[in-house]
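In what follows, chains carry the letters A, B, and so on, assigned in the order in which the sequence lines appear, proteins first and then strands, with residues in each chain numbered from 1. Keep in mind that what you see is a predicted model, and the values were worked out from it rather than measured.
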Number of protein chains: 2
Amino acid sequence: MGLAKSELFTNDQNQIALLAKVFGHPARVAILQHLFKINSCVCGDLVTIIGLAQPTISQHLRELKQLQLIKGTIEGTSVCYCINYEKWTTMKIIISKFLNMDSNNSSNCC
Amino acid sequence: MGLAKSELFTNDQNQIALLAKVFGHPARVAILQHLFKINSCVCGDLVTIIGLAQPTISQHLRELKQLQLIKGTIEGTSVCYCINYEKWTTMKIIISKFLNMDSNNSSNCC
DNA sequence: TTTGTCTATTGCAATATTACGATTAATAAA
DNA sequence: TTTATTAATCGTAATATTGCAATAGACAAA
């Protein structure tokens, strides 16, 4: 079907999946890593840095923007992107909570 | 295309994406949460718990097994699944490192 | 052996994702 | 105004994902 049956799952489970999904492509990982590395806005040169076509990068940026993990500011003809640190922190709390499930119990039965 | 151009990215970026992808579906999130919750093997009742058809659950389990995040032990006619704590820890280190990129620099420019 | 139970696999339909060429929209510069 | 630059959107092709019915395979019990 290609469509997840999200009504079967809790809001928490759906939210974790939604956030994780955006990290599920190396281009979006690379974009985020670059934004953190330069620690300021990136205006335009992401296409050159990543190596994918401009519409493709634009599509990946839109997905990151939809989850508000990045912000875009219009600067003349170009657009400057940077990390939305507030949302990044919120996301990190949700994902970390999920990843640290093992801290309670760590006995392996098999 | 539907196919990521993984040759454009580093091994690190591809690995992060690959791991994140498996968490990008609420059913797999729910399966993992259940395995941690009961803290022992689950033999067979995952289909009842999740509410998806048996072949669908089997498919999700296979993806989790491929990344070795879970282990399956044959127990008579049924199969018992449990968390692979070692691999879980390895995965957690990789993802956490990625998520904590913001700890170095946290000044927002826009 | 036969029957029942449980899980994996196969095959397929519906939908999603990825990628990019072509185009559009917006602004800056000439 | 015209031209150039930059990014978003549209349209489309190729591939991936999700979900399930049907089937197969493995084992236990009768």
So which heavy atom on [X] is nearest to which on [Y], and how close?
| X | Y | result |
| --- | --- | --- |
| A:Ile95 | A:Ile16 | CD1-O, 4.1 Å |
| B:Ala27 | B:Leu52 | CB-CD1, 3.8 Å |
| B:Val22 | B:Arg28 | O-NE, 2.8 Å |
| A:Leu99 | A:Asp102 | O-OD1, 3.3 Å |

So, OP1 or OP2 of C:dA8: does either fall under 4.0 Å of a side-chain N or O from B:Tyr81?
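For C:dA8, OP1 or OP2 has a side-chain N or O of B:Tyr81 closer than 4.0 Å.
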Please confirm whether the shortest side-chain N or O distance from B:Lys21 to OP1 or OP2 of D:dA16 is below 4.0 Å.
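No, because none of the side-chain N or O atoms of B:Lys21 sits under 4.0 Å from OP1 or OP2 of D:dA16.
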Rounded to whole Å, please give me the gap between [atom1] in [X] and [atom2] in [N].
| X | N | atom1 | atom2 | value |
| --- | --- | --- | --- | --- |
| B:Ile70 | C:dA8 | CD1 | C1' | 13 Å |
| B:Leu64 | D:dT17 | CG | P | 14 Å |
| A:Gln66 | D:dA8 | CD | C1' | 13 Å |
| A:Leu18 | C:dA16 | CG | P | 13 Å |
| B:Glu7 | C:dT18 | CD | P | 15 Å |
| A:Ile49 | D:dA7 | CD1 | P | 11 Å |
| B:Ile31 | D:dG19 | CD1 | C1' | 13 Å |
| A:Leu3 | D:dG19 | CG | P | 7 Å |

Which residue lies toward the 5' end of DNA chain C, A:Ala4 or A:His25, if each is placed at its nearest nucleotide?
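Closest to the 5' end, via its nearest nucleotide, is A:Ala4.
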Which sits closer to the 5' end of DNA chain D, A:Val79 or A:Ser6, going by the nucleotide each is nearest to?
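Looking at DNA chain D, the more 5' nearest nucleotide goes with A:Val79.
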Remember a base hit wins even if backbone is also touched, and classify A:Glu75 as base, sugar-phosphate or nothing at under 4.0 Å, heavy atoms.
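Contact class for A:Glu75: none.
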Could you label the plane-to-plane angle of the A:Phe98 and B:Trp88 rings as parallel, tilted or perpendicular, counting under 30° as parallel and over 60° as perpendicular?
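Rings of A:Phe98 and B:Trp88: perpendicular, over 60°.
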Looking at DNA chain C, which of residues 51-62 of chain B put a heavy atom within less than 4.0 Å of it?
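Contacts with DNA chain C under 4.0 Å: B:Gln54, B:Pro55, B:Ser58, B:Arg62.
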Pairing donors with acceptors under 3.5 angstrom, does anything connect the side chains of A:Lys65 and A:Asn84?
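On atom types as modelled, these side chains do not qualify, holding no pair under 3.5 Å.
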Would you call B:Lys97-B:Asp12 a salt bridge at under 4.0 Å N-O?
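No salt bridge links B:Lys97 with B:Asp12.
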